[in-house]
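Every number for a ligand or one of its atoms is a count from 1 in the order of the listing. Numbers for residues simply follow the sequence, beginning at 1. In this text, all values refer to a predicted model and were calculated from it rather than measured experimentally.
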Amino acid sequence: MAVGEGPNYDGNGQITTSKLATYDQMVSFLKDQDARQPAMELEVIGQTVKGRDIHLVKYISDPAKPTILYLTQQHGNEQLTTEGALEFVKHLGTGKSGDVLDGVNILIVPMLNADGAMGDVNFPLDDYLAKGDRNMTRYNAEEVDLNRDHVDKVQPETQALHNNVMRKYRIDYMIDLHHQGTRSQRDGELVSGSILYPTTPNADPDVVEKSKQLGAVVFHNVDSTGWGHLGKYVGGSAETISRNGIAVEYGIATLLFEMRGMSDHYLDGYALGLRSNGYLIKQTVTTLTATAAAIADGSIADADTSFWDSLATQTSRPGEEAEDE
Ligand SMILES: [Zn+2]
C-alpha cells in the first residue's frame, strides 16, 4: 500500500506526539553517536529563542570533496524528517550506508526549530490537535516562520544557520526537508511527498540544473519504491524561502522535499496519525542515503532531469489547502 492511501485519522492511527523524539532525546542520541563514531563531529552553532542549543552534525574528511547539507524541522511540527535524519546518522556509524563518506562531506542540521518542536512558544496552543505530552508548532517561539527569514535573518535560529553553517563551509548541495498536508495528489493518487528546485529568476541556471539533478536522484530512488509516489510541489519565487534564497546568496543547489502529513496542526487535514510514520521515516532515510551516494560516486552529474518536464504538479483533493514550505 502506498503511504499516500487510506484515511487520515482512524486509518493511519492516532495523531500524537508521544512517540516522537523530544529535543532532549535527540541531543542525547547525537552525543552518544558522536562518542561512538570517529568520523562524526558534533558542534553547537547557536541557540534558539528559548536557549536550546542548535546542533550541527559534521562528517568532513576532506574539504576538497563535494559537500551536502541536510536541514530538518525549520517548522517544528514536521518531525519525521528529523527522525529519518537521526536514523541516517546511525547508518553512517554502522557502515549501513557503505563507504559513502569516502566521496562526500555531509552536514546535518536537525530540528532547527527546537522550541516549536517542543511547543515551548510565546503564543497559545489551545487549537492544536495532537495528543501526547506536547504540541508542536510551525513557528518559532516568537511566532515567526523561520522559512520566511532567509533574507533578513532576524531570528536566532536563522542567524545560527547562516553565520555558522552557510557562510562557514563550501556547500554544493542542500536538501530542505519539510512536511505538507495529507491530501495532495498526483495522477489521482495521494502523494507520499513532493519536490521542487529553486524557482526565483535570480538563481544561476547552472545552480538550477544541479538542483534538478539532486531532485532526479530523489525522484528515481523514492518514486520507484512500492510506497513512494512523488509530485512536483507548488512553490513561490520569494527569496525569503531557503530553497530560493540560499540558491541565490551562496550559489548552492537546493531541493525542497515535502513529506506527507504533519505531526501536529490546528487545522484538520494537515496532521497525520502514527501509522504512516514508518514509511515517512524510510522515505527520509532513502532520500539522504541516495543523494549522498550519488554525490560521492559522481553519478549525480549524469542524473536524468528530463522527468521534471513530465512530472505533474500536485493538486489538492477538495476541502484542503496543501501549502507548507
Ligand atoms: Zn515546513
Side-chain angles (χ1 to χ4, degrees), residues 3 15 17 20-21 23 26 48 54 69-85 108-119 121 123 125 128-130 135-151 155 157-158 160-161 174-184 191-199 215 218 230-247 254-267 269-272 276-277 280-281 283-284 287-288 314 316 320-325:
V3 62
I15 295 169
T17 56
L20 301 173
Y23 167 79
M26 179 192 75
T48 65
I54 301 168
L69 167 66
Y70 301 112
L71 173 62
T72 79
Q73 234 172 333
Q74 291 199 69
H75 298 139
N77 60 340
E78 302 174 11
Q79 173 138 346
L80 298 180
T81 57
T82 298
E83 306 275 338
I108 305 168
V109 176
M111 200 185 279
L112 182 69
N113 181 2
D115 295 343
M118 292 308 298
V121 294
F123 54 92
L125 300 176
Y128 281 70
L129 295 169
N135 284 112
M136 308 173 86
T137 69
R138 174 182 182 87
Y139 305 110
N140 79 343
E142 301 287 20
E143 207 168 8
V144 172
D145 185 336
L146 297 180
N147 204 23
R148 297 295 181 274
D149 191 34
H150 290 284
V151 171
Q155 297 302 309
E157 295 89 352
T158 326
L161 178 71
M174 179 185 90
I175 301 182
D176 184 24
L177 294 141
H178 289 255
H179 286 258
Q180 60 182 359
T182 63
R183 304 285 292 160
S184 297
V191 298
S192 61
S194 68
I195 53 177
L196 190 62
Y197 47 81
T199 53
V218 172
L230 300 182
K232 185 176 179 183
Y233 188 72
V234 184
S237 60
E239 289 170 21
T240 52
I241 300 170
S242 69
R243 169 175 57 82
N244 294 317
I246 284 173
T254 66
L255 186 77
L256 169 74
F257 195 162
E258 294 273 352
M259 311 274 162
R260 178 174 184 241
M262 300 180 185
S263 306
D264 193 6
H265 209 282
Y266 51 84
L267 293 174
Y270 274 78
L272 187 63
S276 296
N277 283 12
L280 294 169
I281 291 169
Q283 183 166 253
T284 303
T287 294
L288 274 50
Q314 70 178 18
S316 295
E320 168 80 358
E321 312 145 75
E323 291 172 13
D324 168 48
E325 184 158 14

How is the N/O/S atom of H75 that comes nearest to the Zn ion (ligand 1) named?
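Minimum-distance N/O/S atom of H75 relative to the Zn ion (ligand 1) is ND1.
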
If I consider every N, O or S atom in D324, which one ends up closest to the Zn ion (ligand 1)? I only need its name.
OD2

Under the side chain to side chain donor-acceptor pair (under 3.5 Å) test, residues paired with T82 that sit two or more places apart:
T72, Q73

Distance alone, cut at 3.5 Å: any donor-acceptor contact between the side chains of [X] and [Y]?
X    : Y    : answer
Q74  : D176 : yes
Q180 : Q314 : yes
N140 : Q155 : yes

Rounded to the nearest 10°, what angle sits at the Zn ion (ligand 1) between OE2 of E78 and ND1 of H178?
150°

